[in-house]
Amino acid sequence: MSARTTTGRTGASGSAWAPLARPVFRALWIAQFVSNIGTWMQTVGAQWLLLGHGATMVTLVQTASSLPIVLLALPSGVLADRFDRRGLLLVAQVAMFAVSAVLTALAFADALSAVPLLVLTFLLGCGTALMGPSWQAIQPELVEREQLGQASALGAVNMNLARAVGPALGGVVVAAAGAGWVFGFNALSFLGIAAVLLLWHRPESAVPAARRERLLTALYAGRRYVWNAPGVRRVLLRTALFIPGAAALWSLLPLIAADSLGMGSGGYGLLLGAVGAGAVGGAFALPWLRRHLGINGILAAGAVLFALVLSVLATVHTTWVAVLVLLPAGVAWIGVLSTLNAAMQTRLPGWVRARGLAVYLLVFQGGQAVAAPVWGALVQWLGLTTALLVGAVVMLLGSLTLLRWKLYGMEGIDPSLSDHWPTPPLVFEPGPADGPVLVSVVYRVGPDDRAAFIDAMDRVALSRRRTGALTWGLFEDGNEPGRFVENYLVGSWAEHLAQHHNRLTTTDRGFEERARALLLPGTGPEVTHAFDATAGPVVPGTRTPSS
């Protein structure tokens, strides 16, 4: 199968369903849909088996599924940026199949108590943590950049369409034949994704180069990038403010079905299915919502809708009312998550994409993992009604923060690679580990442009730090006003060469060009590279190797 083909941005490519025209994306989407159905069937089976063990134990299923993301998301992101993402996805599918097979065997042997169930659910979560960053990071290899928003929405549709089918199907199967059958279906569902991945011939250009960063170095590089990317940080903040309140619905829905509405496992599946159906319907409305509400309007409306749904579920104990109000909850869920996910996908450059998405998954799943037992404890302390009302208040407070912390737009953001720095001419060839390297750049600016230049260099500073600078400073010559010296320190020569050829984006280039447009006519930046003097003299053939 071909990884991607080239199309324009007009016509079918602008449709909400355009990414499905891509053969690999379509095949993976279908295989993922089947796997997601299996996951939701298993969730129903696991939560229902634990229903007699108390509210906290039921909500621990959510924690057991989400906690591995908290523990493993960042290392998984490093692996996805260092190694072949297709290979990592295959390993994850095989591992999850093996764990699900054990779960199925124990269920059929009637030997599945609460602790083994939670432990095996945790191990399945580890597989999800391993594949999550790789799965997200391959999307730009499957569709064009302008279709990433649609691809993200289709991913949410996939999950929520499965939510509409899987829980109801799982509830029926559990009631009719027992939990072992839903666990067995989930195990087989992983093989479909593995088959598609085996048939996908990933382009050689997409596989990382032979030289790879060390684990801790790569982790630090990912953290450094996120910390110095304001747009990425804002997406993470909005995610952190939305997920804990939304987790009240997912973690307490089994209790709403059993205690508030007096329903069985089939009824619980019906409630989950209502959320999924609302999400699928919301996918059709997303283009209209984006045009009329904008990204921040969708975030605000989604939080308010969730608050209203939680309030109704807390105070009204009628099944048909619960089913109806869960439909807009699905619309809000897909609207908010597709907006946040697309914002992350379109902001991250390829070299750090998986690590950035790993941080997003960490916040997303970590918020659920931490919040779920809190909501369970709150139910045992204050009761289900009060816990749901507290969740509504949390959602409303989160929506009010949009007045202060809006999601940034994408104007002027282009994360595509820009290899516009020439290789530095030196009198010797440093080794990859030689360093640290002090880079100094001299600029000359007229007095009328001084303030504008300093302001423009603020964005250049973030660019330097994102791509490898450990420290950065801008200084003005005391003897020659208007002569500025930019100094930044990079950990090694390899890191600096990565800045030159692998990390700078079109956005970074734009920041540099805006600053350099303010220089005095006929002058240009003067760049020097200085090395640690204690490592030996900078003379050809005499420098002591550092590696």
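Of all non-hydrogen atoms in A300 and S399, the two that sit nearest each other are O-CB, 4.2 Å. Contact record, L305 with A332: CB-CB, 3.9 Å, taken as the closest heavy-atom pair. Of all non-hydrogen atoms in S492 and V437, the two that sit nearest each other are C-CG2, 3.9 Å. In terms of heavy-atom proximity, R466 sits nearest to N228 at NH1-O, 2.8 Å. When all heavy atoms are compared, the tightest approach of H420 to S418 is ND1-OG, 2.8 Å. Among all heavy-atom pairs drawn from L357 and L348, the shortest one is N-CD1, 3.7 Å.
When side chains are defined from C-beta on, Y408 counts as touching R347, because their heavy atoms get closer than 4.5 Å. Taking 4.5 Å as the limit, every side-chain heavy atom of V363 sits out of range of all side-chain heavy atoms of I243. Two residues are said to be in side-chain contact when any heavy atoms from C-beta on lie closer than 4.5 Å; L74 and R355 fail this criterion. Side chains of T507 and R509 form no contact here, defined as non-hydrogen atoms less than 4.5 Å apart. A heavy-atom distance below 4.5 Å is found between the side chains of R238 and W405. Side-chain contact check for L130 versus L79: some heavy-atom pair is nearer than 4.5 Å. Annotation: side chain of L504 is in contact with side chain of T467 (closest heavy-atom distance under 4.5 Å). Under the 4.5 Å side-chain criterion, counting only non-hydrogen atoms from C-beta, Y360 is in contact with N341.
Between the side chain of R85 and the main chain of A80, a donor-acceptor pair closer than 3.5 Å is present. A donor-acceptor pair under 3.5 Å is formed between the side chain of T39 and the backbone N or O of S35. Listed for the T523 side chain is no donor-acceptor partner under 3.5 Å among the backbone atoms of L519. Between the side chain of R483 and the main chain of E476, no donor-acceptor pair closer than 3.5 Å is present. Judged purely by atom type and a 3.5 angstrom limit, R86 uses its side chain to pair as donor or acceptor with the backbone of W200.
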Apply the test ring pair (Phe, Tyr, Trp, His ring centres under 6.0 Å) to residues F484 and F475: give CA-CA distance (whole Å), side-chain angles for both, the deciding distance (0.1 Å), then the verdict. CA-CA 5 Å; F484 289 88; F475 306 88; over 10 Å; no

Dump the intermediate steps for side-chain contact (heavy atoms from CB on, under 4.5 Å) on L520 and D449, then the final yes or no. CA-CA 9 Å; L520 288 172; D449 293 321; over 6 Å; no

Working for side-chain contact (heavy atoms from CB on, under 4.5 Å), residues D414 and T505: CA-CA 7 Å; D414 183 353; T505 66; over 6 Å; no

Might you work through the side-chain contact (heavy atoms from CB on, under 4.5 Å) test for E486 and V460, ending with a clear yes or no? CA-CA 10 Å; E486 176 195 12; V460 174; 3.9 Å; yes

Applying side chain to side chain donor-acceptor pair (under 3.5 Å) to W493 and E429, what does each step give before you reach the verdict? CA-CA 10 Å; W493 184 242; E429 184 175 350; over 6 Å; no

Would you sort out whether L396 and L400 count as a side-chain contact (heavy atoms from CB on, under 4.5 Å), showing the intermediate values? CA-CA 6 Å; L396 287 175; L400 290 175; 5.8 Å; no

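Atom-to-atom distance recorded for D477:CG and R444:CZ is 8.5 Å, nearest 0.5 angstrom. Taking CE of M131 as the reference point, atom OG of S76 lies at 11.0 Å (rounded to 0.5 Å). Note: W351 CH2 to N502 CG = 9.5 Å, rounded to the nearest 0.5 Å. To the nearest 0.5 Å, the span separating CG on L197 from CG on L88 amounts to 11.0 Å. With rounding to the nearest 0.5 Å, the separation of CG in L28 from CD1 in I138 is 5.5 Å. Expressed to the nearest 0.5 Å, how far CZ of R26 lies from CG of L142 amounts to 12.0 Å.
Both tests hold for R233 against W227: distance to the six-membered ring centre under 6.0 Å, angle to the ring axis within 45°. Both tests do not hold together for R464 against W472: distance to the six-membered ring centre under 6.0 Å, angle to the ring axis within 45°.
Ring-plane geometry between W421 and H500 is classed as perpendicular, the angle between the planes exceeding 60 degrees on a 0 to 90 degree scale with a lower cut at 30.
Between F428 and F531, the distance separating the two ring centers is shorter than 6.0 angstrom.
More than 12 heavy atoms of other residues, nucleotides or ligands shown are found within 6.0 angstrom of CZ on R516.
With Q499 as reference, H496 is the one residue of E495, H496, H501 to meet the side-chain hydrogen bond (donor to acceptor under 3.5 Å, both in side chains) rule.
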